[in-house]
Amino acid sequence: MFTGIIESLGKVLEAEARGTNRTFWIASSLCGELKVDQSVSHNGVCLTVEELREGAHRVTAIEETLQKTNLESWQPGHLVNLERCLVMNGRLDGHIVQGHVDTTAVCTHRKDMNGSWEFRFEFPKKFSRLVIEKGSICLNGISLTIFNVKRSRFDVAIIPYTFEHTNIHSVVPGSRVNLEFDMIGKYVSRLVH
């Protein structure tokens, strides 16, 4: 479990195809605090730390993960939002995030608001029942509040701290991001349908 509050930016050092999987070495300031077999959110995707080396850790994404996320496009130099798993005796600053990406969305608009930024994202219509005005969403691992919700799009507003400390600053129109919809909303939707 995660909160969607990004701890560090990682940088992809290596990306290698292994059968239907892709393996990544990622450098970050968190590496010294990680351990093998630990779950870490990478752009909202829960991946297991498989190996550590000085300043970097290795993870593998299987075919199922690659089909539902933007990890297939990761190349050396790509910036990745990182968050270690939730400590249950701490505050929940974002919202409950599983690290199980539901789909991807495409940025269609980015606007500098002279002190903040607004982004618009389009997502597959089949998920529209999971998106509500002023609801929570996890976008590339970042816990955000959505607004201007339409059937297959929503907007988010980004404060300077988030813009500077996550990879949202590199998102431009045409960029594809990972989405995890609110877990409670998914359970409620399942019960009523």
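The model shown is predicted, which means the values in this text are computed figures rather than measured ones.
Contact of the Asn167 side chain with the Asn43 side chain is registered, since non-hydrogen atoms from C-beta on lie closer than 4.5 Å. The shortest distance between side-chain heavy atoms of Ile168 and Phe119 falls below 4.5 Å.
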Give the intermediate values and the outcome of side-chain contact (heavy atoms from CB on, under 4.5 Å) for residues Ser28 and Ser8.
-> CA-CA 7 Å; Ser28 75; Ser8 178; 4.1 Å; yes
Stepwise side-chain contact (heavy atoms from CB on, under 4.5 Å) test for Leu179 and Phe154 = CA-CA 12 Å; Leu179 289 185; Phe154 61 83; 3.9 Å; yes
Start with the C-alpha distance between Glu16 and Arg22, add both sets of side-chain angles, then the distance that settles salt bridge (Lys or Arg N to Asp or Glu O under 4.0 Å), and finish with yes or no.
-> CA-CA 5 Å; Glu16 178 185 352; Arg22 282 182 56 97; over 6 Å; no
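Remark: the backbone N or O of Thr65 is paired with a side-chain donor or acceptor of Thr69 at under 3.5 angstrom.
Atoms CG and CD1, from Leu34 and Ile26 in turn, are 10.0 Å apart once rounded to the nearest 0.5 Å.
By the 6.0 Å and 45° rule, Arg53 stacks over the aromatic ring of Trp25.
With sequence neighbours excluded, the residues forming a side chain to side chain contact (heavy atoms under 4.5 Å, CB included) with Thr23 are Arg18, Arg58, Thr60, listed by chain and number. Qualifying side chain to side chain donor-acceptor pair (under 3.5 Å) partners for Asn21, counting only residues two or more places apart in sequence or in other chains: none.
If you chain together hydrophobic residues whose side chains sit under 4.5 Å apart, Ile132 and Ile146 never meet in one group.
The side chain to side chain donor-acceptor pair (under 3.5 Å) analysis of residues 108-118, with sequence neighbours excluded, yields no pairs.
Between the side chains of Thr3 and Glu83, at least one donor-acceptor pair of N or O atoms lies under 3.5 Å. Looking at Asn178 and Asn70, their side chains do bring a donor and an acceptor atom within 3.5 Å of each other.
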